[in-house]
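Predicted model, so just to flag it, every value in this text is computed and none were measured. All values below were derived from every heavy atom in this structure, side-chain atoms included, with hydrogens, water molecules and symmetry-related copies excluded.
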Amino acid sequence: MGAGRCARSARDGAIIGLKDGGFGFIPFEEIKWARAWRQGEHLGPSVKDTAQVLSVGDVIAVEAGAADATVTLASFWDAKGKPLGAVQSYKLRQVPEIDGGLVAMDPHTGRVLAMVGGFDYAASQYNRAVQAERQPGSAFKPFVYAAALDNGFTPASLVLDAPFVIDQGDGLGKWKPKNSSNKFYGPSTLRLGIEKSRNLMTVRLAQHIGVPTIMNYANKFGLAENMEPTLASSLGAGEVTLLQLTAAYGMLVNGGKEIKPSLIDRVQDRRGKTIFRHDERTCMPCELTWDQNQREPALPDNRAQVLDPLTAYQMVSMLQGVVQNGTGQKIKWLGKPLAGKTGTTNDSLDAWFIGFSADLAVGVFTGFDKPRSLGDGEEGSSVAVPIFRDFMKEALKDEPGVPFRMPSGIRLVRVNADTGQPATLGDEHVVLEAFKPGTEPRAGQYAVLDGSLEVGKTKSTIRKGTGGIY
């Protein structure tokens with residue numbers, strides 16, 4: 001609604017009285033989104049008339065439009081008979097029942113740069129960024145894949161995407177995980193598995209490398225406190241906070257260095273003596289006298305190494321593929337190096353996106369305080385990804401596109417993204433893949449993890465061959 005538009009009847013929108021005694025106008029275009037709620041998180045019929053949404057006497061929430069967005073109300077007068085004339089245009093809003101949180105963190109230090117714990121602190125002091133323990137779903141998968149990369153797999157390794165069934169014991173029935181698409185895709189590379197968030201591939205990986213190994217990696221990244229040692233945990237069946245998960249992703253992008261989230265850098269007493277400091281490093285040269293011509297002192301890096309830097313970069317590269325080709329594609333139009341992973345729990349109870357640039361880690365969680373479905377088909381890609389995208393648009397608008405830092409030792413090889421084999425002339429789907437020295441694929445040699453099952457117990461096998469795919 002631009003400046004100078006004329007509203008001649010209530011059908012054009014709704015005239016509203018403001019708290020300060022003034023008047024405003026909500027154009028119908030800003031009302032028709034408010035379709036009725038239906039049981040099961042469904043939308044009612046399309047809004048055709050303002051009266052379907054608003055009635056005289058309703059108390060509503062509105063947001064002012066642009067400063068020059070005015071509407072001339074023809075043939076409308078106030079209680080004193082004075083023509084209303086031009087009034088400010090407004091947008092209809094509502095207090096959402098869904099809630100969530102956002103954390104922005106420096107991945108090199110763990111310092112929390114921004115935090116949102118809910119929609120309105122005045123309405124609820126519950127901080128969903130640090131207090132809500134929820135299942136991360138597929139947002140946990142990168143740590144399963146990191147464990148696999150440290151245990152003989154590469155981003156081009158093939159894992160079978162096919163039905164997987166385990167008998168859980170007497171009276172417990174069979175566990176049958178499935179992909180969100182309810183389809184099976186056959187042998188696929190680890191990169192494709194993380195980009196498309198394939199559940200069956202992840203379970204096969206976890207079965208092969210062992211649940212104790214998965215739990216060990218979860219513990220390294222600070223995610224194991226509320227996680228049971230079961231295969232379901234590989235799909236994010238444990239519980240974590242948004243702050244914990246964002247810090248864990250920060251450890252991936254910073255080269256595998258441990259960080260501890262911090263809201264307070266330092267505390268001093270009334271005499272200026274430091275009684276608490278988050279950064280416990282000692283800088284001996286800082287205590288010496290130095291002038292402007294000297295170099296800045298080099299601070300020691302005493303952070304624990306929780307992941308091989310080469311593995312960390314491989315994961316960053318694969319998570320960058322999530323943004324470029326996978327479930328986070330809505331982010332790539334920002335045109336800057338970004339990576340991350342979506343997460344969605346059963347029945348769409350929780351939706352996540354945890355991602356990062358080279359120097360900023362950001363986590364987004366969305367869900368109802370009393371868990372219930374967000375709606376049929378709602379996922380991290382549809383709910384959390386747009387929030388991450390809009391935040392990063394503002395956070396990085398004045399920043400250059402800093403590429404992710406690649407450690408020495410990584411070998412970049414062009415491979416066929418479908419088969420994991422070295423790319424050849426004529427291949428259409430080619431990716432520049434990151435390998436550790438000596439793990440580069442060779443033409444005609446491959447292995448497929450099929451995770452075949454025996455009655456009453458599980459086993460994993462790797463089929464090898466040349467000239468085809470099993």
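In this structure a side-chain-to-backbone donor-acceptor pair under 3.5 Å is present from Gln305 to Leu307. For the pair Asn254 (side chain) and Gly256 (backbone), a donor-acceptor distance under 3.5 Å is present. In this structure a side-chain-to-backbone donor-acceptor pair under 3.5 Å is missing from Asp150 to Ala147. The backbone N or O of Gly438 lies less than 3.5 Å from a partner atom in the side chain of Glu440, making a donor-acceptor pair. Distance alone, capped at 3.5 Å, places no donor-acceptor pair between the Glu30 side chain and the Leu92 backbone. Between the side chain of Ser382 and the main chain of Glu378, no donor-acceptor pair closer than 3.5 Å is present. Judged by distance alone, with hydrogens and angles left aside, the side-chain atoms of Asp120 form a donor-acceptor pair with the main-chain N or O of Ala122 at under 3.5 Å. Checked by atom type and distance alone, the side chain of Tyr249 pairs as donor or acceptor with a backbone atom of Ala139 at under 3.5 Å. Looking only at distances, a side-chain donor or acceptor of Thr189 sits under 3.5 Å from a matching main-chain atom of Leu192. With hydrogens and angles ignored, the 3.5 Å screen pairs no side-chain donor or acceptor of Thr274 with any backbone N or O of Phe276.
The aromatic ring centroids of Phe388 and Phe356 lie 6.0 Å or more from each other.
Atom CD of Glu225 sits in a sparse spot, with 12 or fewer heavy atoms from other residues, nucleotides or ligands closer than 6.0 Å. The environment of CZ in Arg414 is sparse: at most 12 heavy-atom neighbours from other residues, nucleotides or ligands sit within 6.0 Å. At most 12 non-hydrogen atoms from other residues, nucleotides or ligands lie less than 6.0 angstrom from CD of Glu228. By the neighbour-count criterion of 12 heavy atoms within 6.0 Å, atom CD of Glu428 is sparsely surrounded, having that number or fewer from other residues, nucleotides or ligands. When the shell of 6.0 Å around CD1 of Ile275 is examined, it contains more than 12 heavy atoms from other residues, nucleotides or ligands. Annotation: Tyr121, atom OH; neighbour count of heavy atoms from other residues, nucleotides and ligands within 6.0 Å does not exceed 12. Under a cut-off of 6.0 angstrom, the local environment of CZ in Arg35 is crowded, with over 12 non-hydrogen atoms contributed by other residues, nucleotides or ligands. Within a 6.0 Å radius of CG in Asn346, no more than 12 heavy atoms belonging to other residues, nucleotides or ligands are found.
Within the 4.5 Å cutoff, side-chain heavy atoms of Val415 are placed close to those of Val431. Within the 4.5 Å cutoff, side-chain heavy atoms of Lys436 are placed close to those of Thr311. Contact of the His278 side chain with the Ile264 side chain is not registered, since no non-hydrogen atoms from C-beta on lie closer than 4.5 Å. Val240 places none of its side-chain heavy atoms less than 4.5 Å from the side chain of Asn226. Contact check for Val413 versus Glu433: no side-chain heavy atoms found under the 4.5 Å cut-off. Taking the side chain as every heavy atom from C-beta outward, Thr230 and Trp175 never approach each other to under 4.5 Å. Between Tyr145 and Gln314, the closest side-chain pair of non-hydrogen atoms is not below 4.5 Å. Residues Glu133 and Gln244 are not in side-chain contact: their nearest non-hydrogen atoms beyond the backbone lie 4.5 Å or more apart.
Ala146 and Met315 get closest at one heavy-atom pair: N-SD, 3.8 Å. When all heavy atoms are compared, the tightest approach of Ser357 to Val253 is O-CG2, 3.5 Å. Of all the heavy atoms in Lys141 and Ser234, the pair that sits closest is CG-O, 4.0 Å. The two residues Pro422 and Pro441 come nearest to each other via the heavy atoms CG-O, 3.4 Å. The heavy-atom pair separating Val323 from Gly340 by the smallest distance is CG2-N, 4.1 Å. Nearest heavy-atom pair, Thr345 versus Asp350, reported as atom, atom and distance to 0.1 Å: OG1-N, 2.9 Å.
Considering CG of Leu396 and CG of Leu334, their distance stands at 8.0 Å, rounded to 0.5 Å. Atom-to-atom distance recorded for Thr213:OG1 and Leu205:CG is 12.0 Å, nearest 0.5 angstrom. Here NZ of Lys176 is found 12.5 Å from CG of Leu200. Values are rounded to the nearest 0.5 Å. Annotation: the span from Ser188 atom OG to Met201 atom CE amounts to 5.0 Å, rounded to 0.5 Å. For the atom pair CZ (Arg191) and OG (Ser157), the distance works out to 12.5 Å, reported to the nearest 0.5 Å. Atoms OG1 and CZ, from Thr241 and Arg128 in turn, are 14.0 Å apart once rounded to the nearest 0.5 Å.
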Tell me, with the steps shown, if Leu190 and Thr154 meet side-chain contact (heavy atoms from CB on, under 4.5 Å).
CA-CA 7 Å; Leu190 261 65; Thr154 76; over 6 Å; no
side-chain contact (heavy atoms from CB on, under 4.5 Å) between Val116 and Phe391, worked out
CA-CA 12 Å; Val116 176; Phe391 179 86; over 6 Å; no
Assess whether side-chain contact (heavy atoms from CB on, under 4.5 Å) is satisfied between Tyr126 and Asp99, documenting all intermediate values.
CA-CA 11 Å; Tyr126 183 63; Asp99 226 308; over 6 Å; no
Could you go step by step and tell me if Asp279 and Arg277 meet the salt bridge (Lys or Arg N to Asp or Glu O under 4.0 Å) rule?
CA-CA 6 Å; Asp279 190 339; Arg277 187 175 64 180; 5.8 Å; no
Please report the C-alpha distance between Thr439 and Arg411 in whole Å, then the side-chain angles of each, then the deciding distance to 0.1 Å, and finally whether the side-chain contact (heavy atoms from CB on, under 4.5 Å) criterion is met.
CA-CA 9 Å; Thr439 67; Arg411 303 287 188 266; over 6 Å; no
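Shown are Asn325, Asn416, Asp418; of these, the side chain to side chain donor-acceptor pair (under 3.5 Å) with His429 is made only by Asp418. Screening Asp265, Asp106, Asp359 against Arg111 for a salt bridge (charged side-chain N to carboxylate O under 4.0 Å, His left out) leaves a single residue, Asp265. Checking Arg198, Arg204, Lys196 one by one against Asp161, the salt bridge (charged side-chain N to carboxylate O under 4.0 Å, His left out) holds for a single residue, Arg198. The only member of Leu235, Leu245, Ile214 that meets side chain to side chain contact (heavy atoms under 4.5 Å, CB included) when paired with Phe140 is Ile214.
A donor and an acceptor atom, one from each side chain of Thr327 and Ser197, are nowhere located under 3.5 Å apart. A donor-acceptor pair shorter than 3.5 Å can be found between the side chains of Asp427 and Thr424.
Ring planes of Phe365 and Trp352: tilted class, angle from 30 to 60°. Aromatic ring orientation, Phe143 versus Phe221: tilted (interplanar angle from 30° to 60°).
Between Lys330 and Asp390 there is no salt bridge, since none of the side-chain N atoms of the basic residue sits less than 4.0 Å from a carboxylate O of the acidic one. By the 4.0 Å N-to-carboxylate-O rule, Glu97 lies close enough to Arg372 to be salt-bridged with it.
Cation-pi contact between Lys220 and Tyr217: present, with separation from the ring centre below 6.0 Å and deviation from the ring axis of at most 45°.
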